[in-house]
Amino acid sequence: MSDFSRLSINTATTKNISLADAVRLYSDAGLQSIGVWRDRVEEAGLDKAARLISDAGLTVSSLCRGGFLTAADAAGQRNALEDNTRAIEEAATLGTHELILVVGGLPAAGPLAGDSAGTGAPTEGAKDVVAARARIADRLAELVPVAAEHNVRLVLEALHPMYAADRALLSTLGQALDLAAPFPAETVGVVVDTFHVWWDPQLEEQIRRAGGEGRLASYQVCDWNLPIASDALLSRGYMGDGYIDFATIGKWVSDTGYAGPVEVEIFNRDIWDAPPAEVVETVKARYAEHVLPYL
């Protein structure tokens, strides 16, 4: 019988059901933890969400997401700090130490990056990658004391380079670790998300570095499917459906001593439209086959 004690499923994997239904489904499947997106918390209400999860005997492996720290204007920066402060408070209420941060892309890319636009020409400096990355570091420094006060760790997520313009100007685990370096490891960490970092020729070295620095806060798994979907966000798949070497990456993560949850987070229209109970059983089967043996 497979050991699912470390398996966590993120609510994004069963996007079309409520938090209450996800909690019930994951608990009935024998899981011990759940990854939660903030939209599900907002729908349920924070206090109710915390009770639902706790009453089911689940722990929260991570809260997704904070971030989007690249706004160039004062209002956008203020909004980012306010939203991330709320996210930190939500994480603390839910009882998780790990708040995943997607740091944001270029202001020129529009609303996701903190700009209100998409209409008209980008403002001056809106495509300045160096300046945008500097603002990420500045906002992170402002958030670290808030996170420390709430015993929450800000977990930097490197996204695949195809998302650099609109979602994350961190594209490698090494970049994430460099950004984290000035801050205590208990307050700023990193996540290894196989979908985003599988291709990185320095991945083994940087996973070892993350473990050595005590910053490896989360391990998220799903596969890289081809062809890329028209909405590139939806190109994730079940482990084993695509091209990621879970055996090798899993061993690198395991060799650091990481013993925390392994969270499955899949954005895929066909999976969202499938019966949720079927999705959970498929996740468990693929985890047992492709991930668990290498932990």
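Since we're looking at a predicted model, the values are computed, not measured.
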For residues [X] and [Y], determine if any side-chain heavy atom of one lies less than 4.5 Å from a side-chain heavy atom of the other.
X    : Y    : answer
T59  : T96  : no
R6   : P261 : no
Q220 : V192 : no
E265 : W37  : yes
E157 : V190 : no

(Q) When you compare the side chains of S62 and E263, does any donor N or O come within less than 3.5 Å of an acceptor on the partner? (A)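 S62 vs E263: donor-acceptor pair found between side chains.
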
Which heavy atom of [X] sits nearest to which heavy atom of [Y], and what is that distance?
X    : Y    : result
T11  : A22  : CG2-CB, 4.3 Å
N16  : W272 : ND2-O, 3.0 Å
T70  : G105 : OG1-O, 2.6 Å
I266 : G237 : CD1-O, 3.9 Å
L63  : A91  : CD2-N, 3.6 Å
H160 : H196 : N-ND1, 3.0 Å

Using the rule that Ile, Leu, Val, Met, Phe, Trp and Tyr join whenever any side-chain heavy atoms are under 4.5 Å apart, tell me whether [X] and [Y] fall into a single cluster.
X    : Y    : value
V152 : L81  : yes
V144 : V146 : yes
L233 : M162 : yes
L234 : Y163 : yes
W199 : L226 : yes

Before accepting this row, confirm whether a basic side-chain N of the pair [X]/[Y] lies closer than 4.0 Å to the acidic partner's carboxylate O.
X    : Y    : result
R208 : E204 : yes
E43  : R40  : yes
K15  : D273 : no
R153 : E186 : no
R269 : D231 : no

Name every donor-acceptor pair, under 3.5 Å, that has one atom in a side chain of residues 168-184 and the other anywhere in the protein, sequence neighbours excluded.
from	atom 1	to	atom 2	distance (Å)
T172	OG1	Q175	N	3.0
Q175	OE1	S171	N	2.7
Q175	OE1	T172	N	3.2
D178	OD1	R209	NH1	3.1
D178	OD1	R209	NH2	2.7

Q | V41: which of L46, V60, L52 passes side chain to side chain contact (heavy atoms under 4.5 Å, CB included) | A |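 So, applying the side chain to side chain contact (heavy atoms under 4.5 Å, CB included) to V41 and each of L46, V60, L52, only L46 qualifies.
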
Q: Report the residue from V264, T194, T282 that forms a side chain to side chain contact (heavy atoms under 4.5 Å, CB included) with M239.
A: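 It is V264; the other options fail the test.
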
Q) Should side-chain heavy atoms under 4.5 Å link Ile, Leu, Val, Met, Phe, Trp and Tyr, which residues sit in the same cluster as V155? A)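 ILVMFWY cluster around V155 also holds I100, V191.
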
Q: Apply side chain to side chain donor-acceptor pair (under 3.5 Å) to the pair Y258 and S218, showing each step before the final yes or no.
A: CA-CA 9 Å; Y258 178 78; S218 177; 5.0 Å; no

Q) With ring centroids as reference points, do Y243 and W224 lie under 6.0 angstrom apart? A)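 Judged by ring-centre distance (under 6.0 Å), Y243 and W224 do not meet the cut-off.
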
(Q) Quick check against the 3.5 Å criterion: does R236 have a side-chain atom that pairs as donor or acceptor with the backbone of N268? (A)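 Checked: no pair found.
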
Q. When you measure from the side chain of N10 to the backbone N and O of A12, does any donor-acceptor pair fall under 3.5 Å?
A.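 Between the backbone of A12 and the side chain of N10 there is a qualifying donor-acceptor contact (under 3.5 Å).
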
(Q) For D255 and K251: C-alpha separation, side-chain torsions, deciding distance, then whether salt bridge (charged side-chain N to carboxylate O under 4.0 Å, His left out) applies. (A) CA-CA 6 Å; D255 285 348; K251 182 178 185 304; 2.8 Å; yes

Q | S8 and S61: CA distance, side-chain angles, deciding distance, side chain to side chain donor-acceptor pair (under 3.5 Å) verdict | A | CA-CA 7 Å; S8 176; S61 53; 2.8 Å; yes

Q.
Please determine whether side-chain contact (heavy atoms from CB on, under 4.5 Å) holds for the pair I207 and I249, giving the CA-CA distance in whole Å, both sets of side-chain angles, and the decisive distance to 0.1 Å.
A. CA-CA 9 Å; I207 289 176; I249 298 175; 4.3 Å; yes

Q. Going by the angle between their ring planes, with limits at 30° and 60°, are F4 and Y287 parallel, tilted or perpendicular?
A.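 Because their plane-to-plane angle lies in the 30° to 60° range, the rings of F4 and Y287 count as tilted.
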
Q: Determine, step by step, whether D73 and Q77 satisfy the side-chain contact (heavy atoms from CB on, under 4.5 Å) criterion, reporting the C-alpha distance in whole Å, the side-chain angles of both residues, the deciding distance to 0.1 Å, and the verdict.
A: CA-CA 6 Å; D73 61 291; Q77 293 171 11; over 6 Å; no

(Q) Among residues at least two apart in sequence or on other chains, which ones pass salt bridge (Lys or Arg N to Asp or Glu O under 4.0 Å) with R86? (A)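 For R86 the salt bridge (Lys or Arg N to Asp or Glu O under 4.0 Å) partners, ignoring immediate neighbours, are D83.
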
Q) Where do V279 and Y238 land on the side-chain contact (heavy atoms from CB on, under 4.5 Å) test, with the steps shown first? A) CA-CA 9 Å; V279 170; Y238 291 120; 3.6 Å; yes

(Q) Rounded to the nearest 0.5 Å, what separates atom CD1 in I9 from atom OG1 in T14? (A)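 Those atoms lie 7.5 Å apart.
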
Q: Check the pair K284, V280 against side-chain contact (heavy atoms from CB on, under 4.5 Å), reporting the backbone distance first and the verdict last.
A: CA-CA 6 Å; K284 290 174 64 178; V280 170; 4.2 Å; yes

